[in-house]
Amino acid sequence: MPPLNRDQETDHILEMFDGNRAAIMTMLERQFTVLHNRAQVLLGLCGIVVTTTGFSGRLIAGTSRPAQWLIVLGVVLVLTAAALVVVGVLHLWWLTQHPGKSTRDWLGHALGYRDRKTRFYRFAIVLMLAGLVFYVAAIALMLLNPASAAISR
């Protein structure tokens, strides 16, 4: 069964919580907490890649020109993912600041905000994974050519 569209989800939430805005706000806060916690994990992984590059990036890049390009592309994608998380997910706009004359209007606006953050998070994950693929490919080139990595020291 496909997920509900925003109007269906709005109706479902209003029915589930009998229109109680405070209870709906608590539920949304939990959803935002999950999203922000996952964003923090993603930022931590990005930090590990940057730190690892600082320690061994030169050795990896010393293997070959393709390894250089792969590691640079990998780090650029990972840093782009981190930037998207910071700008698109960790940006704050309090639930009480969302407009809406009715609970339904307010909820629709808040769900749209949540969905935008979720899209940023999902795109950042794709970028981070792509970056890791490039990064690991650079490491694989180094491991396949241990002599050239040792020479470049």
Side-chain angles (χ1 to χ4, degrees), residues 1-57 60-61 63 65-144:
M1 176 181 262
L4 302 175
N5 66 37
R6 185 158 320 128
D7 286 334
Q8 292 169 329
E9 184 180 15
T10 300
D11 291 339
H12 181 68
I13 291 169
L14 288 170
E15 181 182 321
M16 244 179 11
F17 291 96
D18 198 28
N20 182 337
R21 191 181 280 210
I24 293 169
M25 188 176 288
T26 299
M27 180 268 308
L28 284 173
E29 287 172 346
R30 284 193 311 267
Q31 289 183 353
F32 282 114
T33 298
V34 168
L35 187 56
H36 290 158
N37 287 343
R38 289 181 180 198
Q40 290 291 339
V41 170
L42 188 94
L43 279 179
L45 292 171
C46 292
I48 290 169
V49 169
V50 171
T51 302
T52 303
T53 303
F55 286 115
S56 56
I60 297 167
T63 304
R65 180 68 68 190
Q68 292 169 358
W69 280 105
L70 287 169
I71 198 165
V72 167
L73 285 171
V75 170
V76 165
L77 287 174
V78 167
L79 288 174
T80 303
L84 282 177
V85 164
V86 169
V87 171
V89 181
L90 296 181
H91 171 267
L92 289 176
W93 191 10
W94 304 110
L95 287 172
T96 53
Q97 292 178 305
H98 288 270
K101 293 184 183 204
S102 68
T103 299
R104 178 179 186 70
D105 290 341
W106 168 81
L107 177 57
H109 198 275
L111 289 175
Y113 180 62
R114 179 209 59 194
D115 293 345
R116 279 189 301 280
K117 284 179 171 273
T118 302
R119 281 191 301 274
F120 269 101
Y121 173 74
R122 288 179 178 157
F123 188 55
I125 284 203
V126 168
L127 287 178
M128 187 199 65
L129 290 174
L132 288 175
V133 166
F134 286 124
Y135 195 84
V136 169
I139 292 170
L141 285 177
M142 179 188 70
L143 295 174
L144 291 170

Please examine the side chains of [Y] and [X], heavy atoms only from C-beta on, and report whether any two atoms are closer than 4.5 Å.
X: Leu4; Y: Asp11; result: no
X: Leu43; Y: Leu90; result: yes
X: Ile13; Y: Leu111; result: yes

Closest approach of [X] and [Y], non-hydrogen atoms and distance?
X: Arg38; Y: Tyr121; value: CB-OH, 3.4 Å
X: Ile24; Y: Gly19; value: CD1-C, 4.2 Å
X: Thr10; Y: Arg104; value: CG2-NH1, 3.3 Å
X: Ala124; Y: Leu42; value: CB-CD2, 3.7 Å
X: Phe17; Y: Ala23; value: CD2-CB, 3.6 Å

With rounding to the nearest 0.5 angstrom, report the [atom1] to [atom2] distance, [X] to [Y].
X: Glu9; Y: Leu14; atom1: CD; atom2: CG; result: 10.5 Å
X: Leu35; Y: Arg30; atom1: CG; atom2: CZ; result: 15.0 Å
X: Trp69; Y: Leu141; atom1: CH2; atom2: CG; result: 15.0 Å
X: Leu70; Y: Met142; atom1: CG; atom2: CE; result: 12.5 Å
X: Thr52; Y: Tyr135; atom1: OG1; atom2: OH; result: 5.0 Å
X: Ile60; Y: Ile71; atom1: CD1; atom2: CD1; result: 4.0 Å

Side chain of Gln8, backbone of Asn5: donor and acceptor closer than 3.5 Å?
yes
Side-chain donor/acceptor of His36 to backbone N/O of Val89, under 3.5 Å:
yes
Would you please classify the geometry between the Trp93 ring and the His109 ring as parallel, tilted or perpendicular, with 30° and 60° separating the classes?
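Ring orientation, 0 to 90° scale: perpendicular.
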